[in-house]
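To keep things clear, I will list the structure first and then write my remarks on it.
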Amino acid sequence: MAEWTFLTHHAHVLLAIAGNPDATVRDIAAVVGISTRSALTILNDLENAGYLEREKRGRRNHYVLYQDRPLRHPANAAHTVDDLIRALLAIH
């Protein structure tokens, strides 16, 4: 039986950043279970789509999530990134 998950790697990267906005790409990749190259590709996707911004802090990045942005799938567009984070990370 093939393995699958309910959330995409994009969602897992968002959640990793929500948990640690100062994480390195290597840290994010390790949390999600993907390569650093895949993590970078996803970070670029999320930044290009307006879901996050990278701020340089010395030699490292700090990630700012735009949590008011709607989820991309039409069936979930009434929900925001913040809704997803709160539901899955139990941040209240």
Side-chain angles (χ1 to χ4, degrees):
M1 184 169 157
E3 290 187 30
W4 57 275
T5 63
F6 283 102
L7 300 176
T8 66
H9 288 146
H10 284 68
H12 284 287
V13 168
L14 273 174
L15 293 169
I17 293 169
N20 181 5
D22 295 312
T24 64
V25 174
R26 180 175 284 151
D27 294 338
I28 294 167
V31 167
V32 177
I34 57 177
S35 69
T36 54
R37 180 179 282 257
S38 292
L40 264 174
T41 298
I42 292 169
L43 288 166
N44 288 332
D45 288 348
L46 293 170
E47 186 173 29
N48 291 336
Y51 286 90
L52 67 82
E53 184 177 329
R54 293 176 232 217
E55 295 177 349
K56 277 302 229 184
R57 293 195 177 167
R59 297 177 59 190
R60 300 196 52 180
N61 286 325
H62 172 81
Y63 298 96
V64 176
L65 289 179
Y66 294 109
Q67 296 183 12
D68 60 336
R69 300 272 301 155
L71 299 180
R72 290 174 52 105
H73 193 281
N76 305 116
H79 298 283
T80 65
V81 169
D82 186 55
D83 294 335
L84 177 70
I85 292 167
R86 286 180 181 277
L88 295 174
L89 292 184
I91 297 172
H92 300 283

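Neither Val13 nor Val64 shares a network with the other; the hydrophobic side chains, linked directly or stepwise wherever heavy atoms of I, L, V, M, F, W or Y lie under 4.5 Å apart, form separate groups for each. Criterion: ILVMFWY side-chain heavy atoms under 4.5 Å apart, direct or through other members. Under it, Leu40 and Leu52 are part of a common hydrophobic cluster.
In this structure the side chain of Asn76 never reaches within 4.5 angstrom of the side chain of Leu84, judged on heavy atoms.
In plain terms, the two heavy atoms of Ala77 and Pro70 that are nearest each other are O-CB, 3.5 Å. In terms of heavy-atom proximity, Leu7 sits nearest to Thr5 at O-OG1, 2.8 Å. In terms of heavy-atom proximity, Thr36 sits nearest to Val25 at O-CG1, 3.7 Å.
For the residue pair Asp27 and Thr24, a side-chain donor N or O sits within less than 3.5 Å of a side-chain acceptor on the partner.
Going from atom CD1 of Ile28 over to atom NE2 of His9 covers 13.5 Å, rounded to the nearest 0.5 Å. Annotation: the span from Asn61 atom CG to Ile17 atom CD1 amounts to 10.0 Å, rounded to 0.5 Å. Here the OG1-NE2 distance, from Thr8 to His73, works out to 11.5 Å after rounding to the nearest 0.5 Å. Taken to the nearest 0.5 Å, the CG atom of Leu14 stands 6.0 Å off from the CG atom of Leu65. Note: His10 NE2 to Leu46 CG = 5.5 Å, rounded to the nearest 0.5 Å. Taking CD of Glu53 as the reference point, atom OH of Tyr63 lies at 12.0 Å (rounded to 0.5 Å).
A donor-acceptor contact shorter than 3.5 Å is absent between the side chain of Tyr51 and the backbone of Gln67. No donor-acceptor pair under 3.5 Å is formed between the side chain of Arg72 and the backbone N or O of Ala49. The closest donor-acceptor contact from the side chain of Asn44 to the backbone of Thr41 lies at 3.5 Å or more, if one exists at all.
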*Please test Ile42 against Ile34 for side chain to side chain contact (heavy atoms under 4.5 Å, CB included), starting from the C-alpha separation and ending with a verdict.*
CA-CA 10 Å; Ile42 292 169; Ile34 57 177; 3.9 Å; yes
*Are Ile85 and Leu15 close enough, and set up right, to give a side chain to side chain contact (heavy atoms under 4.5 Å, CB included), and what steps lead you there?*
CA-CA 6 Å; Ile85 292 167; Leu15 293 169; 4.2 Å; yes
